[in-house]
Amino acid sequence: MACATTATSIVKTVCPFCGVGCGINLKVDARGNLVGVEPQQSHPISRGKLCEKGWSTAYAIRPDNRITEPLKRIKDRFYPISWDQALSEISEAIRDIQAESGNDAMGVISSARATNEDNYAAQKFARAVLNTNNIDHCARICHSPTVAGLKQTLGSGAMTNSTKDIFETELIVVIGADPTENHSVLGGQIFDARQRGVKLVVIDPRVTRLAKVADIHLQLKPGSNIALINAMLHVIIEQKLCDTSFIHQRCEGFEGLAASVETITPESVENSTGVSARQIRAVAELYGQAKTAMILYGMGITQFVSGTQNVIALSNLALVCGQIGRPGTGINPLRGQNNVQGACDMGCLPNVYPGYQAVTDATAQRKFAQGWGQPIALQPGLTSLGMTKATLAGAFRGLIIFGEDPVVTDPDQNHVRAAMKKMELLVVAELTMTETARLADYILPAASFAEKEGTFTNCERRVQHIAPALSPPGIAMGDWQWLKALAEKLGSQALSWSCSEAVFDEMASLTPSYQGMSYSHLQQAHGLQWPCNQSAPEGTAILHQTTFPIGKARLIPVHQIAVDEPPDDQYPLILTTNRLHFHYGCGSMTRKSPLLERETPAGLLFINPQDARNLLIHRYSPVGVRSRRGYIETRAMITDDVPPGLVAMPYHFREAPSNQLTNTAQDPVTKMPELKACAVSVEPLPPGQEPKDIDRLLEEP
Ligand SMILES: Nc1nc2c(c(=O)[nH]1)N[C@H]1C(S)=C(S)[C@@H](COP(=O)(O)OP(=O)(O)OC[C@H]3O[C@@H](n4cnc5c(=O)[nH]c(N)nc54)[C@H](O)[C@@H]3O)O[C@H]1N2
Ligand SMILES: Nc1nc2c(c(=O)[nH]1)N[C@H]1C(S)=C(S)[C@@H](COP(=O)(O)OP(=O)(O)OC[C@H]3O[C@@H](n4cnc5c(=O)[nH]c(N)nc54)[C@H](O)[C@@H]3O)O[C@H]1N2
Ligand code: SF4
Ligand SMILES: [Mo]
């Protein structure tokens, strides 16, 4: 039988997972079905490659895996209702809460997975419709210390250079990041660069894949970053490897910094870091002597109570060696989510408007009140974890969340679950049913990246246009579109744009670094890197080439800060949490793919052979893991990749959620919780016993 041929069209878009921002083509047949995903050959970053997550995009957004109509919870069941009814009921509940408890009893959590247009609309909805600065998103528990730390030292909290610079440098230092798992296409390029002769240093308590091929791997103790970096600075200053003319012309505070590390010799930190003085000296010399050296960093720097100080320490290192403002240099936070850079740029943070303009600054207040044509809240709002805390304290009553699953991804799950349950109005807009959505009063069906127009800003500040390839399933809507409809129910025309381009244009007019961008300009190539404005009409590949936004960069002394919960007799092991290549975030998208699902069991505890022997644990043994906050069961994976005393778990699996165990102790500057270290005990379960999933464990008395 001859096959009927159906014409396919190809829509150029961007991968919806991580911050690398790879270019993908979606193939759509004549009936409007997605029939294929392929890499874009000419894309400047991904250069014809995708990782397994990118290739598996189609599963994540398949209509049969989706929420297709608004749902209302009555007791423990969800019932379909119309958009009109859902939005009318939600708007009435919002009015009641705000009339009784004030504007700040409501808040919004937006999504670093959604577009800039959606995020711009979310913060405008919070500020101009709800009249509160209670707006936040997952950057809080991701790179908020980068935003705060680099803002202080350099004046801008973003990757200073571009991903292509890894081919233009002598030395790459990867600290607290695992790019082959988490920024996989970039991780592959680091391998290539290494093969072409670029030197590689990895600083990580675990033996990551890159650590295995690095020239030097410093396997430091978790949480000892500042001691290690300060000892490197000591060597660099002592051996006169500093870039004195750069320091003189472009930095302030050198004398204070030099004095603060004078006694921090490599020998003095051997114990606290677990790294030999010889190795510290070797890496300091390599970095200090390199003509060009690039620092790439991630969650192993930010997710500590010392997060902001860790970022400042790294910034000190780069500045003292003049490794900023030139090709192949820089301090480069590997922003995680596909649009987390954008969600921050859009002002989905409780203390800044779009473009990081402070909500407490009178000029910025006037600018936005005038631009939006209405009065706005003047005090900084609550952070995401602050909203949870305030709910339990009775001071916060209603939350609109889109594109986040805090029940799985925020620390101390029992606490988060209790807050979500206590919330009088919980609205969750999602692609699919998540653990957080299960607790919602209303679930709204959201359109995915493939079903809407907009822009994503990747880790190298590249703003890329995404075009719609498919119709949303059922009656799902784009996030800014349902926010607009809800605003109109509340009597506000603040979000009444006619199309995504109009949202972008309004945003660009109020956000200096995006001012020179337009859809037509973005579509001409593969996007533009901000700042893009009159003085840089084609965007900026390298920041801080001649000056810093704050004039001179600041060198700020910082001192080692201990982890909040060290191991003790009762909880003798340190738990660190991280990611696996095949799964993403809360797993709600990647776990729809049978190809990705078969790669790993739902939950794993990585443990060193020595600890496993002591605890009589075998390969894949069922184990219980307990912390001061919770208990989960999973299976053991015995590996030398984690050192004795440290166990590691991914956080993707709702059945065995590592966030049952994690600590909410926070960085005082940014409220970043310490997701990279808490104390746990591990015990073997009777052989043959299946690990119970968390729902069953919570049901047990
Ligand atoms: N496959 C996959 N990719 C992803 C994601 C995903 O869920 N799955 N999530 C995306 C997101 S949101 C983000 S933010 C990025 C995160 O990407 P990464 O920053 O790479 O994230 P992690 O794996 O959490 O942690 C990085 C490393 O920090 C190390 N580390 C722990 N403690 C310390 C320490 O004290 N010092 C140092 N130097 N290192 C330490 C860990 O061992 C780990 O190797 O990944 C993005 N990409
Ligand atoms: N223990 C531990 N916990 C962690 C971390 C860790 O290292 N350890 N890392 C933290 C970090 S860095 C991050 S960024 C957070 C991430 O935490 P989350 O942001 O909660 O995780 P995601 O899986 O990215 O959740 C995104 C949700 O958005 C939905 N979604 C995708 N696109 C859209 C869209 O366009 N519209 C809407 N409405 N929904 C959409 C997806 O279906 C998915 O359920 O997790 C944090 N939690
Ligand atoms: S590296 Fe990131 S952006 Fe690229 S295909 Fe993989 S998940 Fe997508
Ligand atoms: Mo993240």
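On a predicted model such as this, the values are computed, not experimentally measured, just so you know. The first residue in the sequence is number 1, and the count goes up from there.
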- request: Take Asp667 and Thr308, measure what side chain to side chain donor-acceptor pair (under 3.5 Å) needs, and give me the verdict at the end.
  value: CA-CA 7 Å; Asp667 169 19; Thr308 305; 2.5 Å; yes

message: Any heavy-atom pair between the side chains of Leu595 and Tyr59 that's under 4.5 Å?
response: yes

Check: Gly328 main-chain N/O paired with Thr169 side-chain donor or acceptor under 3.5 Å: yes

field: CA sep, side-chain torsions, deciding dist, call: Glu404, Arg140, salt bridge (Lys or Arg N to Asp or Glu O under 4.0 Å)
entry: CA-CA 12 Å; Glu404 278 200 18; Arg140 178 68 40 217; over 6 Å; no

query: So, Arg438 and Glu435, do they make that salt bridge, N to O below 4.0 Å?
result: yes

message: The test is side-chain contact (heavy atoms from CB on, under 4.5 Å); show your working for Cys15 and Asn338 and say whether it passes.
response: CA-CA 7 Å; Cys15 174; Asn338 59 328; over 6 Å; no

query: Within a strict 4.5 Å, meaning less than it, do heavy atoms of the Leu241 and Gln289 side chains meet?
result: yes

Smallest separation among heavy atoms of Leu615 and Val682, with atom names: CD2-O, 3.6 Å

message: Main chain of Ile226, side chain of Gln309: is a donor-acceptor contact present, judged purely on distance under 3.5 Å?
response: no

message: Can you confirm whether Lys421 is buried at NZ, in the sense that more than 12 heavy atoms of other residues, nucleotides or ligands lie under 6.0 Å from that atom?
response: no

task: Say whether, by atom type as modelled, one donor and one acceptor occur between the side chain of Lys676 and the main chain of Gly223 under 3.5 angstrom.
output: no

- prompt: Any sub-3.5 Å donor-acceptor pair from Thr265's side-chain atoms to Ser268's backbone N or O?
  reply: yes

message: Just to verify, which of Thr146, Thr302, Asn225 counts as forming a side chain to side chain donor-acceptor pair (under 3.5 Å) with Tyr297?
response: Thr146

- prompt: Got a salt bridge between Glu655 and Lys692, using NZ or NE/NH1/NH2 to carboxylate O under 4.0 Å?
  reply: no

query: So, Gln337 side chain and Cys142 main chain: donor-acceptor pair closer than 3.5 Å or not?
result: no

query: Under a 4.5 Å cut-off applied to non-hydrogen side-chain atoms, are Glu633 and Leu685 in contact?
result: yes

- prompt: Do the ring planes of His583 and His652 sit parallel (below 30°), tilted (30 to 60°) or perpendicular (above 60°)?
  reply: tilted

task: Would you confirm whether Gln413, through its side chain, and Val407, through its main-chain N or O, come within 3.5 Å as a donor-acceptor pair?
output: yes

- line: Smallest heavy-atom separation, Pro622 atom then Pro686 atom, equals CG-O, 4.0 Å

- prompt: So, for Leu334 and Ala177, which heavy atoms are closest and what is the spacing to 0.1 Å?
  reply: CD1-CB, 4.0 Å

- request: Nearest 0.5 Å please: distance from the OH atom of Tyr620 over to the CZ atom of Arg635.
  value: 9.5 Å

task: Say whether, by atom type as modelled, one donor and one acceptor occur between the side chain of His143 and the main chain of Ala158 under 3.5 angstrom.
output: no

query: Do NZ/NE/NH1/NH2 and the carboxylate oxygens of Arg579 and Glu181 come within less than 4.0 Å?
result: no

Note: Glu565-Arg629 ion pair, threshold 4.0 Å (strictly below): yes

- request: Using atom types as modelled and distance alone, determine if a side-chain donor or acceptor of Glu270 lies under 3.5 Å from a backbone N or O of Ala277.
  value: yes

task: Ignoring hydrogens and angles, tell me if any N or O in the side chain of Ser162 forms a donor-acceptor pair with the backbone of Lys164 under 3.5 Å.
output: no

Non-hydrogen atoms of Ile617 and Ala636 that approach each other most closely: CG2-CB, 3.4 Å

field: Test log, rule salt bridge (Lys or Arg N to Asp or Glu O under 4.0 Å), inputs Glu267 and Arg278
entry: CA-CA 9 Å; Glu267 288 72 17; Arg278 184 183 51 77; over 6 Å; no

query: Around Lys49, counting heavy atoms of other residues, nucleotides and ligands shown, do more than 12 lie under 6.0 Å from its NZ?
result: no

- prompt: Which atom names give the shortest non-hydrogen contact between His217 and Val207, and what distance separates them?
  reply: CE1-CA, 3.9 Å

- prompt: Is it true that atom CZ of Arg628 has more than 12 heavy atoms of other residues, nucleotides or ligands lying nearer than 6.0 Å?
  reply: yes

- prompt: Do the charged groups of Asp695 and Arg654 touch, with an N to O distance under 4.0 Å?
  reply: no

query: For the side chain of His234 and the backbone of Glu262, is there at least one donor-acceptor N/O pair under 3.5 Å apart?
result: yes

task: Quick one: do Thr273 and Ser224 satisfy side chain to side chain donor-acceptor pair (under 3.5 Å)? Show the steps, please.
output: CA-CA 5 Å; Thr273 62; Ser224 64; 5.3 Å; no

task: Kindly confirm or rule out a cation-pi arrangement of Arg626 over Tyr631, judged by NZ or CZ under 6.0 Å from the six-membered ring centre and within 45° of its axis?
output: yes

message: On a heavy-atom basis, which atom in Ile556 and which in Asn316 lie closest, and how many Å separate them?
response: O-ND2, 2.8 Å

- prompt: Are there more than 12 heavy atoms of other residues, nucleotides or ligands under 6.0 Å from atom CG of Asn271?
  reply: no

query: Can Arg209 and Asp178 be counted as an ion pair, charged N to O under 4.0 angstrom?
result: no

